Amino acid sequence: MNDMVEMIMTLLIIIAKSIAILVPLLLAVAYLTYAERKVIGFMQSRIGPNRVGPFGLFQPFADGLKLIFKEIIVPSKSNRYLFIIAPVLAMGPAIAVWAVIPFDEGLVLANINVGLLYVLMMTSLGIYGIIIAGWASNSKYAFLGALRSAAQIVSYEIAMGFALVGVLMAAQSMNLTEIVQKQNGGFWHWYWLPLLPLFLVYWISAVAETNRAPFDVAEGESEIVAGFHVEYAGIAFAIFFLAEYANMILVSTIAALLFLGGWLSPFQGMPILESAFTWVPGIVWLLLKISFFLFLLLWIRATFPRFRYDQIMRLGWKVFIPITLIWIVVLGIAIQAKIEPWFG
Amino acid sequence: MQNIGDVMTMQQVMFYIFSGLALFAGSMVIVSKNPVRAVLFLVLTFISMSGLWMLLEAEFLAITLVLVYVGAVMVLFLFVVMMLDIELASVREGFSRYLPVGISVSVLVVVALVSAVGPKEFGLEKVPAPAPYPVDFSNVKALGELLYTQYLYPFEIAAILLLVAIIAAISLTFRGRRESKAPNPSQQVQVRKADRIRLVKMKPEKTGEERESGSII
């Protein structure tokens, strides 16, 4: 009986922790949509949303309410079950990954040994939502979008996987907390420098994996209307939208953890600045780094035109994969030579 | 801490959930008429098998199974199957004619399987339950050590076989360099303004109407 109570208590604690991750995540997703419209608005000399609430701050909630009250239209010739289940399959992995993400020393829901692999696995599952949505809609545009997206994600996953192989070689661990701890020692000890080519490959592949501009051929509104989610309306569409933004935050977090030292202070090892900033909690640094990457994503979207499909394939297969393969060999040599300060 | 009895039951519950799912999804793969659905059930089978492997403390293999098979191989599979236009009527044709053959073959296979790995091969007396590893035991390191020491040659030979398979597949489908009309990206990037635009200075000209009236409105 006592054990039963204990088990239920453990379960409740896990649920409470999950909620403590999910609620800020969904809020961040809501305000990322707002930030995107504001940032791109200013980049294009517009104001962006400014009507709902002060500075338009309640815009995400207004949008959400509007989408919730809209009718979900299920096309009559569609595959009903798969059509309904596709948004769930897109959203589920995007949320499930957060179980292994550490936010600070010890501040993690599940500190598992193969955290990095788990992240890679979950991000690779997200593609099923897109493919199934495209197929189940029984529409030419949606189907084209799904096919494009499948080819693109499979291609870039390889480069992304190799970039992450570099990280786990350098850290000698797949535990995300340990990877951050190995980068301890200040700005120049972080892995962005010894793994610079892999960092760039990871980041560009991450943009491609999240189907963001300039890799948004899966949506390509000027060619195939809205790609895989053209038949979705109301909250079903909103879930795809939320999954995309949750994935954006995810890839930014992974980049911050793996290449920019996670929650470590950038002023470590600098004479005056280090002691001046010791009061800042680690999670603030992590959030700042995540915000930097998110801003980069918005900036990229506002700057670059969409890639053509053959250019995407060429970049993924003929440029990124060779770069990562070569750098893995270079990295192996560097680790064997125990080059300071990273592999000493 | 929970006592051992409780942990065992929790593990058993998980085992039955995952193995039940695997059996259900596995049979749905062959039963479902729609090929896309069959592939999706195959995905579910992989995921439940991965759950079973996780219960065996083989977390690296469990996650790699999902990563490689579900995340890459099945996506390509789905990609192909979705583009097929299979006529269900022709698939169903001859079902009753081949049914006796199918049933006898499957009975034979089941008999062979049971006689080879029947219930007598299993049980705690035959295969004792493995002792659980400590929390900090790294499955990945253990696997890597085995692969790169004891099983180095088989591992390398398998890698070479895969490489040969890649090269063979490419050489079978590669039909020589085609004269493609696709633009060369490096040339596209290097284009400068002067290559494409010529700016000319022109004197403003009057239109016919303005010439007649003699003034510009």
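The model shown is predicted, which means the values in this text are computed figures rather than measured ones. To find a chain, count down the sequence lines: A is the first, B the second, and so on, and within it residues start at 1.
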Checklist entry - With chain B, which of Trp135(A), Tyr81(A), Tyr118(A) has the greatest number of heavy-atom pairs at distances under 4.5 Å? => result Trp135(A)
Item to check | Side chain, backbone, both or neither of Leu125(A) within contact of chain B (heavy atoms, under 4.5 Å) | outcome: side chain
Next on the checklist: Can you tell me which of Gln172(A), Gln311(A), Arg314(A) forms the most heavy-atom pairs within a distance under 4.5 Å of chain B?
Outcome noted: Arg314(A)
Checklist entry - About how many Å separate CG of Asn34(B) and CG of Leu82(A), when rounded to the nearest 0.5 Å? => result 7.5 Å
Next on the checklist: Do Met82(B) and Leu147(A) have side chains that approach each other closer than 4.5 Å (heavy atoms only, starting at C-beta)?
Outcome noted: yes
Checklist entry - NZ/Lys141(B) to OG/Ser173(A) distance, rounded to the nearest 0.5 angstrom? => result 6.5 Å
Checklist entry - Which region of Ile153(A), side chain (C-beta onward) or backbone (N, CA, C, O), has a non-hydrogen atom less than 4.5 Å from a non-hydrogen atom of chain B, or is it both or neither? => result neither
Checklist entry - Do Met174(A) and Val140(B) have side chains that get closer than 4.5 Å, going by heavy atoms? => result yes
Next on the checklist: Pair Val36(B), Ile132(A) - check side chain to side chain contact (heavy atoms under 4.5 Å, CB included), show working.
Outcome noted: CA-CA 9 Å; Val36(B) 170; Ile132(A) 291 173; over 6 Å; no
Item to check | Interatomic spacing from CG in Leu67(B) to CD in Glu157(A) - rounded to 0.5 Å | outcome: 6.5 Å
Next on the checklist: If you apply the rule side chain to side chain contact (heavy atoms under 4.5 Å, CB included), what do you find for Leu117(A) with Glu59(B), and how did you get there?
Outcome noted: CA-CA 10 Å; Leu117(A) 262 187; Glu59(B) 72 267 11; over 6 Å; no
Checklist entry - At a heavy-atom separation under 4.5 Å, does Ala136(A) approach chain B through its side chain, its backbone, both, or neither? => result neither
Next on the checklist: Tell me the closest heavy-atom pair linking Ser124(A) and Gly71(B), and the distance in Å.
Outcome noted: OG-CA, 3.6 Å
Next on the checklist: Looking at Phe83(A), I want to see if its CZ is surrounded by more than 12 non-hydrogen atoms of other residues, nucleotides or ligands under 6.0 Å.
Outcome noted: yes
Checklist entry - Ignoring hydrogens and geometry, is there a side-chain-to-backbone donor-acceptor pair from Tyr128(A) to Val43(B) under 3.5 Å? => result no
Checklist entry - Side chain, backbone, both or neither: which part of Ile158(A) has a non-hydrogen atom closer than 4.5 Å to chain B? => result neither
Next on the checklist: If you apply the rule side chain to side chain contact (heavy atoms under 4.5 Å, CB included), what do you find for Phe79(B) with Val154(A), and how did you get there?
Outcome noted: CA-CA 11 Å; Phe79(B) 194 100; Val154(A) 167; over 6 Å; no
Next on the checklist: Using heavy-atom distances under 4.5 Å, tell me whether Asn175(A) contacts chain B through its side chain, its backbone, both, or neither.
Outcome noted: neither
Item to check | Heavy-atom contact with chain B under 4.5 Å, split by part of Ile127(A) | outcome: side chain
Checklist outcome for this item: CG of Leu120(A) to CD1 of Ile63(B), rounded to nearest 0.5 Å, is 10.0 Å
